[in-house]
Amino acid sequence: MSRLRARFFERDPVTCARELIGCRLVWHGCVGRIVETEAYDAADDPACHTWVRPSARAFVASHQAGDAYVYLSFGNHWLFNILVKGPTAAGFVLLRALEPVAGHDLMRERRGAAVKDARLAAGPGCLGRALGMDRAAHGLGFLGREDCGIFQGEGVGICAGPRIGISLATELPWRFGDPGSASLSRRF
DNA sequence: GCCAGGATGTTA
DNA sequence: AACATCCTGGCG
């Protein structure tokens, strides 16, 4: 299985978001198959943080492709994005859902014993919680770390639809997923 | 099953 | 004031 390098993220966010479906995320003892992502474009996407946040624009300028962009949403949910930054485009890919592959015990500890395995990281907030995400991960170049990374997966059917939970640019079909997965945050 | 509402902290 | 969310409870 081949490890994704920063080069993978030196392309436009929509392409990256789509091609991440089916890949495996390794994160400090947890492994999950990426089954849902969203793309956010730094150039002209009103839903992207760069649209209204100088701090997000500064992040893009001062970090490298593949670095983690992590922030707190609604006061309790750490959302895990990956910086995409190439010659002609920049933005973020939000990781929205994983199918647990390994580290179930760790994830269950953080999410609660009652949560079904398939639902441990089924949603961006749940994913952050399951992985133990917090501000310490923000800005981290994790692709090359021993205990972290993303690895190529087998090809799967990928579908697209409108992004979830936003109020601007809702017409863009920039949510991607494996429609057969039981770990989607919502059905397509 | 579906929907409305509240918790909660950071940014601007 | 808004927000890239989640869980609960009320109602069919």
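Just so it is clear, the values below take in all heavy atoms, side chains as well, and ignore hydrogens, waters and symmetry mates. Numbers restart at 1 for each chain; the letters A, B, ... are given by sequence-line order, proteins then strands. Note that the structure is a prediction, hence the values are computed from the model and not measured.
The OH atom of A/Y69 sits 11 Å away from the C1' atom of B/dT10 (whole-angstrom rounding). Following rounding to the nearest Å, A/H49 (NE2) and C/dT5 (P) show an atom-to-atom distance of 9 Å. The CZ atom of A/R53 sits 15 Å away from the P atom of C/dA2 (whole-angstrom rounding). For the pair A/H138 NE2 and B/dT11 C1', the interatomic distance rounds to 12 Å; values are reported in whole Å. Computed from coordinates, the A/M133 CE to C/dC6 P distance equals 14 Å when rounded to whole Å. Atom CG in A/L184 sits roughly 15 Å away from atom P in C/dT5 (whole-Å rounding). Between the CG atom of A/L94 and the C1' atom of C/dC3 there is a distance of 13 Å, rounded to whole Å. Computed from coordinates, the A/Y71 OH to C/dA4 P distance equals 5 Å when rounded to whole Å.
With the nearest nucleotide of DNA chain C identified for both A/V115 and A/F92, A/F92 has the one nearer the 5' end.
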Handout entry: Trace of the ring pair (Phe, Tyr, Trp, His ring centres under 6.0 Å) decision for A/Y40 with A/F92
Key = CA-CA 5 Å; A/Y40 290 86; A/F92 302 98; 8.1 Å; no

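A/K85 has no carboxylate O lying under 4.0 Å from a charged side-chain N of A/D67, or vice versa, which leaves the two without a salt bridge. Between A/E36 and A/R175 there is a salt bridge, since at least one side-chain N of the basic residue sits less than 4.0 Å from a carboxylate O of the acidic one.
Judged by centroid separation below 5.5 Å and plane tilt below 30°, A/F74 does not stack onto the base of B/dA7.
Across every strand in view, C/dA4 sits unpaired, with no contact that passes the Watson-Crick or G-U test at under 3.5 angstrom.
Taking 4.5 Å as the limit, some side-chain heavy atom of A/M133 sits within range of a side-chain heavy atom of A/V70.
Residue A/R96 places at least one side-chain N or O under 4.0 Å from the OP1 or OP2 atom of C/dT5. Residue A/R111 has a polar side-chain atom (N or O) positioned under 4.0 Å from OP1 or OP2 of C/dC7.
Checked against B/dA12, B/dG9, B/dT8, the side chain of A/N76 finds its nearest nucleotide in B/dT8. When distances are taken from the side chain of A/L72 to each of B/dA12, B/dG9, C/dC6, the shortest belongs to B/dG9. Side-chain proximity of A/Y40 to the nucleotides B/dG9, C/dA4, C/dC7 is greatest for C/dA4.
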